[in-house]
Structure formats: structure tokens, C-alpha cells
Amino acid sequence: MKNIFEAPFILRMRKVTQNAYRMGWDERNGGNISCILDEEELKDYLDLNHVIRTIPTGFDATPLIGKIFLVTGTGSYFQDIGFDPESTLGIVRIAKDGTTAELLWGYKGGGKFTSEMPAHLMTHMARLQKDPNHRVVMHCHPTNIVAMTFVHELTDKAISHSLWQMITECMVVFPDGVGVLPWMLCGTNEIGIATAEKMKEFRIVLWPHHGIYGVGTDMDEAFGLIETVEKAAQLYMMTAHLPRLNTITDDQLRLVADAFHVKAREDFLD
Ligand code: 2HA
Ligand code: ZN
């Protein structure tokens with residue numbers, strides 16, 4: 001068996017969580033990440049027949065039966081994941097009943113996965129239907145995007161349009177726009193269902209006055225997507241109270257989309 005502490009998926013999780021912490025997106029135990037692991041790769045590191053214990057998920061995840069996830073633990077601090085991955089992370093497989101997770105590694109000391117597991121697993125189900133290469137769901141609390149939800153109209157169209165206008169690159173990185181939910185109680189199946197519903201259309205979903213969900217085919221892509229949205233929100237917040245003398249027009253946004261061969265959400269342009 002290879003040493004799991006040197007596995008690329010553990011090293012990448014350590015890198016991403018440390019960077020997110022330093023970006024100020026994950027104060028205290030804020031934020032969580034889940035990543036679908038490749039069984040072929042994992043079997044060099046773990047005996048997949050050895051289940052340490054089982055943990056109920058609290059809902060039916062039948063489409064994910066047999067899938068294996070690396071997931072941050074509830075209550076764990078992102079700043080701790082780098083030096084103590086085995087206590088702060090877990091590897092779980094969705095069992096044959098669809099409602100139980102089998103712990104294969106981690107959550108040392110009796111922990112369990114993030115309280116936002118419903119939103120994560122339901123989002124994985126929604127995104128896998130759209131993109132078979134989908135792998136990662138990342139949730140965190142970037143300062144400016146949360147600030148923006150206090151001062152901006154909360155519709156998918158209005159918020160996507162404002163973000164696109166902040167940096168030319170935004171149209172290239174998220175031509176599909178961002179979705180936004182009404183304020184809802186976090187950690188519930190209800191917010192999971194609402195998040196996954198938006199994820200049928202978007203790769204970014206905002207939880208007003210709380211944070212953001214971003215997805216990707218790997219951790220760097222999910223991180224980069226959130227990073228780009230947060231940068232745009234920062235520019236919005238830096239300029240929102242100042243007279244707007246210049247902007248990127250809708251025709252210019254279309255020009256960017258054409259030049260970079262991406263398909264802008266036309267109904268979000270005027
Ligand atoms: O895990 O971010 O939304 C802490 C949170 C809950
Ligand atoms: Zn949160």
C-alpha cells in the first residue's frame with residue numbers, strides 16, 4: 001500500500017484549504033469541500049473492504065451509491081487541515097442503502113462529515129447529470145461576495161450581469177452566470193435541495209449573507225471559479241458607492257464571449 005498522506009488528492013486538499021484560509025474565506029470552522037475520488041486510484045492507498053464505521057446521511061442519495069468522497073469534517077478548521085488531515089478529513093463511500101456513508105479513512109477521534117453534506121451530495125447528483133467529469137463541490141464565505149448580497153438586488157440575472165461587468169475575464173470564466181437563493185437556514189436538506197436545483201443551471205450558487213458554492217472538475221477549477229467571482233465582487237464593493245463613469249457594455253460582453261468561444265447566457269444580457 002502507498003502512503004495516503006502523500007496521495008495527490010490529500011496534498012491537493014491541503015493546498016486548497018490552506019489557500020482558502022489565507023484568502024479569508026474560511027474563518028473558524030467556516031466552509032467545506034467534497035471531492036469524488038477515483039476508486040482505481042484509491043485502492044493503492046486504502047483497503048476498500050475495510051469499513052471503520054457507518055454514518056447516516058439523513059437523506060436518499062441513491063444515484064451516488066458506491067461513489068467515494070473525500071469530505072471535510074464538521075467543526076473542523078480549514079487552517080488545521082494542512083497539518084492534521086486525518087482528524088479534519090474523511091473518506092466515505094455511499095452504501096448500498098443510499099442513506100448511509102461508510103467511513104473508509106479519517107475523522108479520527110470520532111468526527112463526521114460537514115453539516116452541509118446534503119447540499120454537497122445533492123449538488124454532486126445535479127452536476128454529474130450535466131457533466132460526467134464533475135468532481136468537486138466547494139463552499140466558503142468570501143468577504144466581498146457576502147457583502148454584495150446586502151447591497152445588490154438578489155436575482156440571478158442582475159447579480160450575474162453586475163459581476164460580468166467588473167472584469168473582462170468574468171465572461172470567460174462563468175459565461176453561465178451565477179445563481180442566487182433567498183436566505184435560508186443552512187445545514188438542512190431544504191437548502192440542499194434548493195442549491196442542487198440551481199446547480200442544474202449554474203456552477204456558482206450564492207447563499208445571501210452567508211457564502212458561496214462553486215463546483216469543478218478538480219479542486220483548482222472550483223477554487224479558481226470562486227476566486228474570480230470574489231474578485232469581481234471586491235471590485236463591485238470598491239466602486240458601488242462611487243459615480244460610475246465607465247462600464248463594459250453588453251455588446252462588449254458578447255464580443256468577449258465570441259472571442260473566447262464561450263456561450264453567454266443571452267437572457268442575462270440586455
Ligand atoms: O461548516 O460553513 O455553512 C461551516 C459552514 C456551514
Ligand atoms: Zn457556510
Side-chain angles (χ1 to χ4, degrees), residues 1-2 4 7-14 16-17 31-74 76 81 85-86 88-108 111-139 187-189 191-200 202-205 213-223 225:
M1 282 282 167
K2 294 192 199 168
I4 194 163
F9 48 86
I10 296 289
L11 297 179
R12 228 169 276 132
M13 184 67 112
R14 290 174 59 186
V16 164
T17 49
N32 25 78
I33 301 182
S34 61
C35 174
I36 301 173
L37 298 180
D38 174 17
E39 192 174 322
E40 280 307 304
E41 187 185 3
L42 193 59
K43 70 177 171 27
D44 293 338
Y45 296 96
L46 276 185
D47 173 6
L48 299 179
N49 295 317
H50 179 64
V51 175
I52 299 169
R53 55 192 159 96
T54 59
I55 310 170
T57 63
F59 64 96
D60 181 16
T62 296
L64 300 176
I65 289 173
K67 288 222 180 305
I68 303 175
F69 298 86
L70 175 64
V71 195
T72 54
T74 185
S76 65
I81 292 172
E86 199 174 4
T88 52
L89 300 173
I91 294 177
V92 295
R93 177 173 56 208
I94 303 305
K96 288 198 174 63
D97 65 4
T99 62
T100 308
E102 299 169 330
L103 181 64
L104 303 175
W105 177 84
Y107 304 143
K108 206 173 98 184
K112 62 178 274 192
F113 38 72
T114 168
S115 60
E116 303 296 0
M117 194 63 157
H120 279 255
L121 290 188
M122 290 178 197
T123 294
H124 282 296
M125 292 188 229
R127 289 312 305 178
L128 281 170
Q129 291 210 331
K130 295 285 290 189
D131 176 7
N133 294 320
H134 159 84
R135 292 292 177 272
V136 175
V137 176
M138 179 169 180
H139 165 65
T188 61
N189 285 353
I191 202 168
I193 293 165
T195 304
E197 191 57 35
K198 285 282 180 201
M199 284 288 184
K200 291 179 183 167
F202 302 101
R203 289 170 302 137
I204 287 278
V205 174
Y213 269 76
V215 301
T217 54
D218 60 40
M219 285 189 225
D220 290 332
E221 198 196 27
F223 185 97
L225 188 55

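Below, each value reflects all heavy atoms present in this structure, side chains not excepted, and no hydrogens, waters or symmetry copies. Numbering starts at 1 and runs along the sequence shown. Note that the structure is predicted; figures quoted are calculated from it, not measured.
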**Student:** Measure across M199 and T123 and return the closest heavy-atom pair with its distance rounded to 0.1 Å.
**Tutor:**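 Taking M199 first and T123 second, the nearest heavy atoms are CG-CG2, 3.6 Å.
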**Student:** Would you please name every residue forming a salt bridge (Lys or Arg N to Asp or Glu O under 4.0 Å) with K108, sequence neighbours left out?
**Tutor:**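 Listed in chain order: nothing, the list is empty.
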**Student:** Does M219 reach the side chain of M138, with side-chain heavy atoms less than 4.5 Å apart?
**Tutor:**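 Of all side-chain heavy-atom pairs linking M138 with M219, none is under 4.5 Å.
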**Student:** Please report the closest heavy-atom contact between P85 and R14, naming both atoms and the distance.
**Tutor:**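 So the two residues come closest at CG-CD, 4.3 Å.
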**Student:** What are the two closest non-hydrogen atoms of K200 and A126, and how far apart are they?
**Tutor:**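 Nearest heavy atoms, K200 then A126: CG-CB, 4.3 Å.
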**Student:** Under the salt bridge (charged side-chain N to carboxylate O under 4.0 Å, His left out) definition, can you give me all pairs with a residue in residues 32-42, not counting sequence neighbours?
**Tutor:**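 For residues 32-42, and leaving out neighbouring residues, the salt bridge (charged side-chain N to carboxylate O under 4.0 Å, His left out) pairs sorted by first residue read E40-K43.
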**Student:** State, yes or no, whether a side-chain contact exists between L104 and V51 at a heavy-atom distance under 4.5 Å.
**Tutor:**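 They are in contact (side-chain heavy atoms under 4.5 Å apart), so the answer is yes.
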**Student:** With sequence neighbours left out, what residues match F202 under ring-ring contact (aromatic ring centres under 6.0 Å, His included)?
**Tutor:**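 Once residues adjacent in sequence are excluded, F202 has no partner under the ring-ring contact (aromatic ring centres under 6.0 Å, His included) criterion.
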**Student:** For C35 versus V136, what's the shortest heavy-atom pair and its separation?
**Tutor:**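 Taking C35 first and V136 second, the nearest heavy atoms are SG-CG2, 3.8 Å.
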**Student:** With a 4.5 Å limit on heavy-atom distance, are the side chains of L42 and F9 in contact?
**Tutor:**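 Side chain of L42 against side chain of F9, heavy atoms only: contact under 4.5 Å found.
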**Student:** Checking H124 now: which residues fulfil ring-ring contact (aromatic ring centres under 6.0 Å, His included) with it, not counting sequence neighbours?
**Tutor:**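 By the ring-ring contact (aromatic ring centres under 6.0 Å, His included) rule, H124 matches F69, H134.
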**Student:** Can you list everything that forms a side chain to side chain donor-acceptor pair (under 3.5 Å) with D220? Sequence neighbours excluded, please.
**Tutor:**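 Side chain to side chain donor-acceptor pair (under 3.5 Å) list for D220, sorted by chain: K15.
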**Student:** Quick one: are V71 and H120 in side-chain contact, heavy atoms under 4.5 Å?
**Tutor:**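 Heavy-atom side-chain distance check fails, nothing below 4.5 Å.
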**Student:** Sequence neighbours left out, what pairs pass salt bridge (charged side-chain N to carboxylate O under 4.0 Å, His left out) with at least one residue falling in residues 118-135?
**Tutor:**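 Every pair satisfying salt bridge (charged side-chain N to carboxylate O under 4.0 Å, His left out) with a residue in residues 118-135: there are none.
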**Student:** Can you tell if the side chain of T88 reaches within under 4.5 Å of the side chain of T17, non-hydrogen atoms only?
**Tutor:**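 No; the side chains remain at least 4.5 Å from each other.
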**Student:** Please name all residues satisfying side chain to side chain donor-acceptor pair (under 3.5 Å) with K96, sequence neighbours left out, ordered by chain then number.
**Tutor:**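 Checked K96 against side chain to side chain donor-acceptor pair (under 3.5 Å); zero matches.
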**Student:** Please list, one pair per line, the donor and acceptor atoms closer than 3.5 Å that link side chains of residues 57-68 to other protein atoms, with sequence neighbours excluded.
**Tutor:**
residue	atom	partner	partner atom	Å
T57	OG1	F59	N	3.4
T57	OG1	F59	O	2.9
T57	OG1	T99	O	3.1
D60	OD1	T62	N	3.0
D60	OD1	T62	OG1	2.4
D60	OD2	T62	OG1	3.3

**Student:** Could you report the tightest heavy-atom contact between P118 and S115, atom names first, then the distance?
**Tutor:**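 So the minimum-distance heavy-atom pair works out to CD-O, 3.6 Å.
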**Student:** To the nearest 0.5 Å, how far apart are CD in E116 and OG in S34?
**Tutor:**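 Those atoms lie 11.0 Å apart.
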**Student:** Under the side chain to side chain donor-acceptor pair (under 3.5 Å) test, which residues partner H139, sequence neighbours left out?
**Tutor:**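 Side chain to side chain donor-acceptor pair (under 3.5 Å) check on H139 returns H141, H210.
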**Student:** When rounded to the nearest 0.5 angstrom, what distance separates CG in L89 from CE in M13?
**Tutor:**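 The CE atom of M13 is 5.5 Å from CG of L89, to the nearest 0.5 Å.
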**Student:** Checking the side chain of T72 only, and the main-chain atoms of I33 only, is there a donor and an acceptor separated by less than 3.5 Å?
**Tutor:**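 Indeed, once roles are kept as given, a pair shorter than 3.5 Å links the two residues.
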**Student:** Looking at side-chain heavy atoms only, is the closest gap between Y213 and K198 below 4.5 Å?
**Tutor:**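 Not touching, per the 4.5 Å side-chain cut-off.
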**Student:** Among all residues two or more places apart in sequence or in another chain, which pass the salt bridge (Lys or Arg N to Asp or Glu O under 4.0 Å) test with R93?
**Tutor:**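 Scan of R93 (salt bridge (Lys or Arg N to Asp or Glu O under 4.0 Å), adjacent residues dropped) gives E102.
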**Student:** Could you tell me the separation between the OH atom of Y107 and the OG1 atom of T74, rounded to the nearest 0.5 Å?
**Tutor:**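 The OH atom of Y107 sits 9.0 Å away from the OG1 atom of T74.
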**Student:** For T114, what residues pass the side chain to side chain donor-acceptor pair (under 3.5 Å) criterion, not counting sequence neighbours?
**Tutor:**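 Checked T114 against side chain to side chain donor-acceptor pair (under 3.5 Å); matches are N32.
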**Student:** At their closest point, which heavy atom of G216 faces which heavy atom of A222, and how far apart are they?
**Tutor:**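 So the minimum-distance heavy-atom pair works out to N-CB, 4.0 Å.
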**Student:** Would you mind reporting whether L121 and F113 have side-chain heavy atoms less than 4.5 Å apart?
**Tutor:**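 Side chain of F113 against side chain of L121, heavy atoms only: no contact under 4.5 Å found.
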**Student:** Let me see the working for N189 and M122 under side chain to side chain contact (heavy atoms under 4.5 Å, CB included), right down to the final yes or no.
**Tutor:** CA-CA 9 Å; N189 285 353; M122 290 178 197; 4.3 Å; yes
**Student:** Is any side-chain heavy atom of L128 closer than 4.5 Å to one of I36?
**Tutor:**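 I36 reaches L128 side chain to side chain.
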**Student:** Please list, chain by chain and in numerical order, all residues satisfying side chain to side chain contact (heavy atoms under 4.5 Å, CB included) with N49, sequence neighbours excluded.
**Tutor:**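 Applying side chain to side chain contact (heavy atoms under 4.5 Å, CB included) to N49 gives D47.
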